[in-house]
Amino acid sequence: MSADLMIISSVTKAIKELYNQEVEEKTVQVSMTRKDVEGDFTVVVFPFVRFSKKAPEQTAQEIGEFLKNNLEEIADFTVIKGFLNILIDPSFWINELNKIIDNPSFGIQQASEDDSTVMIEYSSPNTNKPLHLGHVRNNLLGYSISKIAAAAKNNVVKTNIVNDRGIHICKSMLAWQKFGEGVTPESSGKKGDHLVGDFYVRFDKEYKKEIAALMAEGKTEDDAKKQAPLMIEAQEMLRKWEAGDAEVNELWSMMNNWVYAGFDVTYKRLGVDFDKIYYESDTYKLGKSTVEAGLEKGVLFRKEDNSVWADLTAEGLDEKLLLRGDGTSVYMTQDIGTAEIRFKDFGFDEMIYVVGNEQNYHFQVLALILGKLGYEWAPKLYHLSYGMVELPEGKMKSREGTVVDADDLVDEMINTSRKMSEELGKLDGFSDEEKENIYRIIGLGALKYFILKVDPKKNMTFNPAESIDFNGNTGPFIQYTYARIQSILRKAVERGISVDTKVDASVAINSREIELIKSIGKFEAQVLDAWKNHSPAQICNYIYDLVKEFNSFYHDYTILGEENPQILKLRLEIANQVALVIKRALDLLGIEVPNRM
RNA sequence: GGUCCAGUAGCUCAGCUGGAUAGAGCAACAGCCUUCUAAGCUGUGGGUCCCAGGUUCGAAUCCUGGCUGGAUCACCA
């Protein structure tokens with residue numbers, strides 16, 4: 001039984017014996033004592049004052065006496081106002097450390113077949129342009145939450161739905177056909193996603209020229225937009241694509257494959273991956289039959305123009321279109337179909353959509369409609385909604401060229417990392433290959449940590465000009481602590497000191513060491529909490545606090561210089577566990593650790 | 001206008017399932033490398049926790065109402 005549960009149970013006993021009152025265990029608040037107060041656990045006694053009918057101090061005193069007499073682990077207690085601070089025997093903490101040493105995957109649980117299956121959709125790009133900063137936040141969040149889910153004992157399926165069809169890709173295709181002169185990624189030496197993106201931009205440019213020309217002839221802007229020959233051609237191309245036109249499909253297939261090859265490179269550099277990829281071109285018709293079945297059941301209705309709608313006015317929302325008058329499907333229809341096939345494929349217990357908060361309404365409606373259609377799993381959908389990434393000057397606008405490209409961003413981070421490393425000169429004697437790998441680890445660590453440490457639901461500001469800090473509450477700071485500990489461990493091994501073995505429980509432990517063991521021990525609960533709240537940011541906060549605490553200890557105390565071999569051993573094991581927790585925590589964020597930096 | 005989200009130090013953010021004196025980082029200033037990696041450590045200054053009510057022994061945290069900013073309410077995705 002863990003210490004806090006033990007105390008809770010004893011407190012309920014105390015209240016029964018002292019005041020003859022039954023209290024539920026969940027009403028007993030036991031927390032870790034704050035650092036500036038002596039003690040290990042704190043019981044808040046205010047809620048029990050009405051039972052004791054005595055002052056909070058006296059009540060705390062009485063409960064404290066009872067606990068001290070009934071629990072041998074309790075060494076002493078103090079009372080401050082209504083707070084009962086309990087001091088545990090120091091050997092308890094060494095035993096806690098030993099338990100952690102015994103568990104080679106402390107904090108990371110392994111799911112079995114009986115555990116829940118969680119499906120997580122993230123990334124979900126359009127195939128007409130390369131990934132940008134917004135996608136980076138999405139990918140990092142999605143990947144991290146997948147890792148956290150797995151560590152919290154879930155079977156995880158990472159999925160991606162690629163929006164590979166529609167007018168946007170036709171625009172790129174058309175521009176390539178007209179202006180591309182047969183250029184390919186190979187002939188131009190350009191990444192496929194960037195090449196296709198260039199043609200998307202080119203389309204827009206030419207299209208604007210046509211609009212301007214038409215408006216000069218006296219047409220209204222709306223008419224000009226509709227009548228511009230390029231737009232008409234693009235729409236015609238989409239019709240041909242849907243009709244299965246061989247030539248258009250071949251072009252579509254070729255250009256999409258360029259994009260996928262480009263995405264693969266970006267995904268790989270970001271370190272994200274998927275277990276199952278769905279393509280809209282395969283799934284876009286799926287929801288139709290479900291919608292029609294819903295129509296027959298009478299949960300949906302048809303308007304005079306033949307379009308099909310869901311009436312959500314009873315839920316305080318509007319009516320939502322599900323099939324156009326011409327029978328074609330919309331985004332919502334696709335998502336209904338995709339959800340159905342996913343449930344058939346994997347039978348998930350939870351389905352998480354990592355999608356920006358601009359789609360909050362969409363997912364609210366999706367869950368409602370699936371519920372109306374009678375799917376009992378509709379409440380299992382969860383929209384992990386995250387805020388926008390803004391630049392200091394405001395939103396990113398592709399038309400104004402202020403979009404931060406994902407590949408450029410990664411390059412920039414690695415360059416910054418390289419520059420800093422070279423200035424510090426700690427990697428002399430390493431091969432170029434080893435150095436580059438470390439620069440990569442640090443640069444990406446900085447980027448990922450910077451983005452993940454912000455609560456997902458909040459908008460965040462990203463300042464590319466100032467780049468990202470490598471000091472303070474940052475990825476490199478945490479990686480640095482890891483590297484430092486590795487250096488100590490290497491030296492310990494050279495001296496023949498065993499690492500990762502148990503510590504004698506009678507060793508004289510000081511309060512700083514106890515605090516570190518407590519902090520290490522919180523990791524497991526932190527992982528579960530981060531999962532409960534779907535928030536990698538909680539892992540960031542936790543690991544930052546742990547690292548800060550360790551660095552301060554490292555500064556104040558020697559480890560290998562300690563003369564008492566038992567204390568040396570204790571400190572070494574604490575350092576090792578800090579490093580292991582750093583490694584596991586950063587892994588949950590998709591961040592690697594360097595052995596030196 | 002309806003709905004949802006956010007508002008905490010000059011800036012970027014923690015803390016929010018109610019608990020003790022609201023915390024970090026950056027920026028500014030002052031210290032610390034003959035000693036395990038100074039990408040580090042220590043200190044100083046910096047606050048109407050948007051405002052007003054309410055619930056409570058106790059509110060940055062919960063409730064109500066405002067204010068400000070953002071998102072969304074398409075036969076776009």
Side-chain angles (χ1 to χ4, degrees), chain A residues 29 31 33-34 36-37 42 44-47 49-50 56 80-83 85 124 126 163 165-168 280 284 303 305-309 315-318 320-332 334-335 356-362 364-365 385 387-388 390 392 395 417 420-421 423-424 426 442 446 450 453-455 457-463 466 469-481 483-492 529 532-533 537-538 540-541 544-545 547-548 551-562 568 571-572 575 596-597:
Chain A
Q29 292 177 59
S31 54
T33 304
R34 23 183 303 168
D36 52 347
V37 174
T42 294
V44 184
V45 302
F46 289 109
V49 170
R50 62 196 178 99
I80 303 174
K81 297 181 188 171
F83 299 93
N85 301 307
S124 307
N126 290 348
N163 183 10
R165 60 168 281 278
I167 193 74
H168 56 270
E280 267 192 22
Y284 79 107
K303 287 195 178 176
D305 65 355
N306 209 37
S307 55
V308 178
W309 298 72
E315 285 84 2
L317 304 173
D318 297 326
K320 183 72 192 176
L321 177 86
L322 296 175
L323 287 176
R324 295 188 185 99
D326 63 4
T328 55
S329 61
V330 293
Y331 180 41
M332 186 61 74
Q334 293 162 197
D335 260 6
N357 63 11
E358 72 272 15
Q359 295 196 33
N360 285 355
Y361 183 74
H362 174 81
Q364 195 187 350
V365 169
S385 161
M388 322 242 79
E390 290 169 345
K395 279 194 203 167
S417 157
M420 288 193 79
S421 270
E423 273 173 24
L424 291 167
K426 293 185 187 178
I442 297 170
F450 183 86
K453 77 175 175 185
V454 180
D455 182 341
K457 64 174 180 269
K458 289 192 178 175
N459 289 356
M460 62 179 294
T461 308
F462 182 90
N463 192 335
E466 290 176 7
D469 237 310
F470 283 58
N471 301 306
N473 186 2
T474 66
F477 168 69
I478 292 160
Q479 291 170 321
Y480 175 70
T481 306
R484 268 175 152 183
I485 295 173
Q486 295 315 303
S487 172
I488 295 174
L489 294 173
R490 280 191 298 269
K491 290 188 169 130
D529 216 41
K532 193 177 103 195
N533 297 314
Q538 290 194 0
C540 295
N541 293 334
Y544 176 59
D545 283 341
V547 161
K548 236 185 347 175
N551 275 325
S552 183
F553 179 81
Y554 174 94
H555 178 266
D556 294 346
Y557 293 87
T558 177
I559 295 174
L560 295 175
E562 170 58 41
L568 188 157
R571 290 182 185 165
L572 194 60
R596 293 171 207 265
M597 65 184 277

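Reminder, nothing fancy here: chain letters follow the sequence lines and each chain counts from 1. In this text, all values refer to a predicted model and were calculated from it rather than measured experimentally.
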**Student:** Sequence neighbours left out, what passes salt bridge (charged side-chain N to carboxylate O under 4.0 Å, His left out) with A:K532? Give chain and number order.
**Tutor:**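 Listed in chain order: A:D529.
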**Student:** Would you mind classifying the nucleic acid contact of A:D455 as base, sugar-phosphate or nothing, using non-hydrogen atoms under 4.0 angstrom?
**Tutor:** sugar-phosphate
**Student:** Determine, stepwise, if the pair A:D469 / A:T474 fulfils side-chain hydrogen bond (donor to acceptor under 3.5 Å, both in side chains).
**Tutor:** CA-CA 7 Å; A:D469 237 310; A:T474 66; over 6 Å; no
**Student:** Restricting to non-hydrogen atoms, name the atom on A:L321 and the atom on A:M332 that form the minimum distance, rounded to 0.1 Å.
**Tutor:**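 The answer is O-CB, 4.5 Å.
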**Student:** Classify A:Y361 by what it touches in the nucleic acid, base, sugar-phosphate, or nothing, heavy-atom distance under 4.0 Å.
**Tutor:** sugar-phosphate
**Student:** B:rG7 and B:rA30: how far apart are their C1' atoms, nearest whole angstrom?
**Tutor:** 34 Å
**Student:** When all nucleic acid strands are considered with a 4.0 Å heavy-atom cut-off, which category describes A:M597: base, sugar-phosphate, or nothing?
**Tutor:** base
**Student:** Quick one: A:E358 CD to B:rC76 C1', roughly how many Å, whole number?
**Tutor:**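 Rounded to whole Å, this separation is 13 Å.
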**Student:** Expressed as a whole number of Å, how far does the P atom of B:rU56 sit from that of B:rC51?
**Tutor:** 23 Å
**Student:** Given that both distances must come in under 3.5 Å, which nucleotide forms a Watson-Crick or G-U wobble pair with B:rC26?
**Tutor:** B:rG10
**Student:** Identify whether any heavy atom of A:F553 sits under 4.0 Å from a base atom; if not, whether one sits that close to sugar-phosphate; answer base, sugar-phosphate or nothing.
**Tutor:**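 Nothing: the residue A:F553, judged by heavy atoms under 4.0 Å, touches no strand.
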**Student:** Could you tell me how the ring of A:Y331 sits relative to the ring of A:H362: parallel (under 30°), tilted (30 to 60°) or perpendicular (over 60°)?
**Tutor:** parallel
**Student:** Taking the C1' atom in each of B:rG54 and B:rA27, what is the distance between them to the nearest angstrom?
**Tutor:**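 Those two atoms are separated by 40 Å.
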**Student:** Does A:T558 put a side-chain nitrogen or oxygen below 4.0 Å from OP1 or OP2 of B:rC36?
**Tutor:** no
**Student:** Regarding A:I442, tell me which of base, sugar-phosphate or nothing describes its non-hydrogen contacts under 4.0 Å with the strands shown.
**Tutor:**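 Result for A:I442 = base.
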**Student:** Please state the C1' separation for the pair B:rG15 and B:rU21 - nearest whole angstrom.
**Tutor:**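 Approximately 15 Å lies between the C1' atom of B:rG15 and that of B:rU21.
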**Student:** Side chain of A:N126 only, heavy atoms from C-beta on: which candidate in B:rA77, B:rU72, B:rC41 is closest?
**Tutor:**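 The answer is B:rA77.
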**Student:** Produce a footprint string for nucleotides 19-33 of chain B: one letter per nucleotide, 5' end first; B if the base is under 4.0 Å from any protein heavy atom, S if only the sugar-phosphate is, - if neither.
**Tutor:** BBS--SSS-------
**Student:** In whole Å, what is the span from the CE atom of A:M460 to the P atom of B:rA71?
**Tutor:** 17 Å
**Student:** To the nearest angstrom, how far is A:N463 atom CG from B:rC13 atom P?
**Tutor:**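 Result: 11 Å.
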**Student:** Heavy-atom nearest nucleotide on RNA chain B for A:W309 versus A:Y557: which residue maps closer to 5'?
**Tutor:** A:Y557
**Student:** For the backbone of A:T558 and the side chain of A:R571, can you confirm whether one donor and one acceptor N or O come within less than 3.5 Å of each other?
**Tutor:** yes
**Student:** If only side-chain N and O atoms of A:S552 are considered, is one of them under 4.0 Å from the OP1 or OP2 phosphate oxygen of B:rU42?
**Tutor:** yes
**Student:** When the P atoms of B:rG19 and B:rG23 are compared, how many Å lie between them, rounded to an integer?
**Tutor:** 14 Å
**Student:** Given atom CD of A:E423 and atom C1' of B:rA38, what is their separation to the nearest angstrom?
**Tutor:** 14 Å
**Student:** When rounded to the nearest Å, what value does the distance between P atoms of B:rU55 and B:rG1 take?
**Tutor:**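 Nearest-Å result for B:rU55 against B:rG1 at atom P: 30 Å.
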**Student:** When you get a sec, tell me which of B:rG15, B:rC13, B:rA6 is the closest nucleotide to the side chain of A:N541?
**Tutor:**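 Selected nucleotide: B:rG15.
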**Student:** Please determine whether a side-chain nitrogen or oxygen atom of A:K491 lies at a distance below 4.0 Å from atom OP1 or OP2 of B:rU37.
**Tutor:**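 Looking at the OP1 and OP2 atoms of B:rU37, one of them is under 4.0 Å from a side-chain N or O of A:K491.
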**Student:** Roughly, in whole Å, what's the span from CG in A:D318 to P in B:rA74?
**Tutor:** 6 Å
**Student:** Which nucleotide, if any, forms a Watson-Crick or G-U wobble pair with B:rC62, using both distances under 3.5 Å?
**Tutor:** B:rG54
**Student:** Expressed as a whole number of angstroms, how long is the span from A:E280:CD to B:rC76:P?
**Tutor:** 14 Å
**Student:** Could you work out the separation of B:rU8 and B:rA14 based on their P atoms and round it to a whole Å?
**Tutor:** 11 Å
**Student:** Please state how far atom NE2 in A:H362 lies from atom P in B:rA74, giving the value in whole angstrom units.
**Tutor:**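 Value for this atom pair: 14 Å.
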**Student:** Using the glycosidic torsion, which applies to B:rC33: syn (within 90° of 0) or anti (everything else)?
**Tutor:**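 Here B:rC33 takes the syn form, which means its glycosidic angle is within 90° of 0.
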**Student:** Going by the rule ring-ring contact (aromatic ring centres under 6.0 Å, His included), which residues pair with A:H168 if we only count those two or more places apart in sequence or in a different chain?
**Tutor:** none
**Student:** Using the P atom in both, what is the distance from B:rA74 to B:rU12, to the nearest Å?
**Tutor:** 33 Å
**Student:** In the strands shown, is B:rA74 matched to any nucleotide by a Watson-Crick or G-U wobble pair with both distances under 3.5 Å, and which?
**Tutor:** none
**Student:** Taking the minimum atom-to-atom distance to the side chain of A:Q359, which one of B:rC4, B:rA77, B:rG70 wins?
**Tutor:** B:rA77
**Student:** Decide if the gap between the ring center of A:Y480 and the ring center of A:F470 is smaller than 6.0 angstrom.
**Tutor:** no
**Student:** So, does A:K458 get its side chain near the phosphate of B:rG7, meaning an N or O under 4.0 Å from OP1 or OP2?
**Tutor:**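 Result: yes.
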**Student:** Determine the contact category for A:G325: base if any of its heavy atoms lies under 4.0 Å from a base atom, sugar-phosphate if only primed atoms, P, OP1 or OP2 are that close, otherwise nothing.
**Tutor:**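 The residue A:G325 makes base contact.
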**Student:** Will you find, in the side chains of A:N551 and A:T481, an N or O donor that is under 3.5 Å from an N or O acceptor?
**Tutor:**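 Yes.
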**Student:** Within a 6.0 Å radius of atom CZ on A:R490, are there more than 12 heavy atoms belonging to other residues, nucleotides or ligands?
**Tutor:** yes
**Student:** Between B:rU3 atom P and A:N357 atom CG, what is the distance in whole Å?
**Tutor:**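 Between P of B:rU3 and CG of A:N357: 18 Å.
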**Student:** Between A:M332 and A:R596, which is nearer to the 5' end of RNA chain B once each is assigned its nearest nucleotide?
**Tutor:**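 The residue closer to the strand's 5' end, by nearest nucleotide, is A:R596.
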**Student:** What's the shortest heavy-atom distance between A:Q479 and A:I442, and which atoms?
**Tutor:**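 Scanning both residues, the minimum pair turns out to be OE1-CA, 3.5 Å.
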**Student:** With a 4.0 Å cut-off on heavy atoms, is A:S385 in touch with a base, just the backbone sugar-phosphate, or nothing at all?
**Tutor:**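 No contact.
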**Student:** Within the pair A:R165 and B:rA77, is there a side-chain N or O less than 4.0 Å away from OP1 or OP2?
**Tutor:**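 Answer is no, no contact under 4.0 Å.
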